[in-house]
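Please read all numbers here as calculations on a predicted model, not as lab measurements.
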Amino acid sequence: MEPARIQLVPKIRKVIYPGTFDPITNGHLDVIGRAADLFDEVIVALAMNSTKAPLFSELERIDLCKEAMKEVMPHSGHIRVDSFSGLLVDYAKKENAIAIIRGLRVLSDFEYEFQMALMNRKLEDITTVFVMPNEKYTYLNSTIIRELAKYGSDISGFVPECVNKKLKEKFSKK
Ligand code: COA
């Protein structure tokens with residue numbers, strides 16, 4: 001029988017929550033809050049070399065994440081917003097993180113997430129922890145939010161106020 005795999009983990013249990021966050025939504029914030037309840041430090045890490053073509057610039061996405069944190073979780077000093085380019089596992093190693101956090105909303109997320117988690121584990125032996133957001137956010141994603149905002153739909157229940165405002169500004173200019 002294989003011996004149990006036990007590793008000595010650093011005293012500060014730091015985790016990375018990576019994503020494109022274009023823009024951050026209440027679903028992401030729900031996952032961040034749950035991770036923050038479990039770990040000593042959570043880094044919300046914006047992937048800069050995403051294969052997507054984001055609506056918001058890197059700086060705008062970072063600012064919106066920071067503003068959203070202030071708005072929704074003002075007393076959560078152990079949550080930090082940062083960005084990275086290159087491989088997630090290299091960033092996680094540099095930060096001395098013990099795990100990667102990913103949200104698992106619906107079954108269709110599973111295949112992609114499973115593939116990423118296994119590849120990241122193969123590359124750097126890092127664990128991915130899956131967090132289930134509140135079910136009222138399971139159908140949310142940033143594309144739907146951008147689309148609703150573009151056509152003037154009310155998205156106030158799905159995003160923090162700073163994101164709602166920024167989306168309105170963005171689409172009123174276009
Ligand atoms: N609530 C609402 N929406 C959520 C959500 C939640 N809890 N969790 C995910 N989503 C949405 C996102 O808004 C996003 O929507 P969109 O596709 O409409 O923009 C979608 O689900 C998935 O996006 P996200 O969680 O941001 O992941 P991603 O697939 O954009 O990012 C990275 C994946 C950045 C983590 C991954 O590509 C990566 O690690 N890149 C770095 C390079 C690397 O290491 N590659 C090798 C990986 S093995």
Side-chain angles (χ1 to χ4, degrees), residues 2-105 109-133 137 140-143 145 159-160 162-163 166:
E2 288 261 315
R5 182 186 170 284
I6 298 174
Q7 272 192 340
L8 287 176
V9 293
K11 277 211 177 105
I12 300 286
R13 294 174 158 258
K14 192 195 287 186
V15 292
I16 313 267
Y17 180 45
T20 311
F21 302 106
D22 184 40
I24 190 162
T25 68
N26 287 350
H28 294 124
L29 288 163
D30 184 279
V31 171
I32 295 167
R34 287 171 201 278
D37 286 342
L38 296 171
F39 297 99
D40 300 320
E41 188 176 341
V42 179
I43 305 182
V44 178
L46 283 86
M48 288 305 160
N49 55 346
S50 170
T51 48
K52 297 176 177 176
L55 170 70
F56 290 107
S57 71
E58 295 171 3
L59 212 61
E60 282 175 319
R61 282 181 286 140
I62 291 175
D63 283 350
L64 280 178
C65 284
K66 286 185 178 167
E67 268 185 69
M69 299 312 309
K70 268 194 221 151
E71 186 183 317
V72 182
M73 302 172 209
H75 307 297
S76 49
H78 62 310
I79 305 175
R80 179 155 64 89
V81 178
D82 194 13
S83 63
F84 73 99
S85 46
L87 284 181
L88 173 61
V89 287
D90 291 337
Y91 175 72
K93 199 174 167 188
K94 182 185 108 219
E95 284 292 338
N96 210 13
I98 61 162
I100 292 165
I101 299 286
R102 294 289 290 171
L104 208 51
R105 293 161 298 169
D109 281 346
F110 185 76
E111 208 171 328
Y112 171 62
E113 294 298 337
F114 187 72
Q115 198 178 17
M116 270 209 303
L118 287 183
M119 181 51 85
N120 286 330
R121 198 165 73 182
K122 174 101 187 138
L123 292 171
E124 277 300 337
D125 198 15
I126 188 155
T127 300
T128 300
V129 175
F130 293 103
V131 173
M132 231 190 286
Y137 302 128
L140 268 192
N141 67 33
S142 300
T143 305
I145 292 299
V159 292
C162 57
V163 170
K166 192 80 182 178

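Of the options Ser142, Pro54, Ser83, Pro23, a side chain to side chain contact (heavy atoms under 4.5 Å, CB included) to Arg61 is made by Pro54 and by none of the others.
Under a 3.5 Å cut-off, the side chain of Ser85 and the backbone N or O of Met48 do not form any donor-acceptor pair. Side-chain atoms of Asp22 come within 3.5 Å of backbone atoms of Phe56 as a donor-acceptor pair (strictly under, hydrogens ignored). Using a distance-only test at 3.5 Å, with no hydrogens or angles considered, a donor-acceptor pair links the side chain of His78 to the main chain of Ala36. With hydrogens and angles disregarded, a donor-acceptor distance shorter than 3.5 Å links the side chain of Glu71 to the backbone of Cys162.
Of all non-hydrogen atoms in Glu60 and Leu55, the two that sit nearest each other are OE1-O, 4.4 Å. Closest of all the heavy-atom pairs between Ile43 and Asp82 is CG2-CB, 3.7 Å. For the residue pair Glu95 and Lys14, the shortest heavy atom distance occurs at O-NZ, 2.8 Å. The minimum heavy-atom distance linking Phe39 with Val129 is given by the pair CZ-CG2, 4.4 Å.
Using a 4.0 Å cut-off between a side-chain N of Lys or Arg and a carboxylate O of Asp or Glu, Asp30 and Arg34 qualify as a salt bridge. Under a 4.0 Å N-O distance rule, the pair Asp109/Arg105 qualifies as a salt bridge. Under 4.0 Å is where a charged nitrogen must lie from a carboxylate oxygen, and between Arg80 and Glu41 at least one such pair does.
Ring geometry for Tyr91 versus Phe84: interplanar angle under 30°, hence parallel rather than tilted (30 to 60°).
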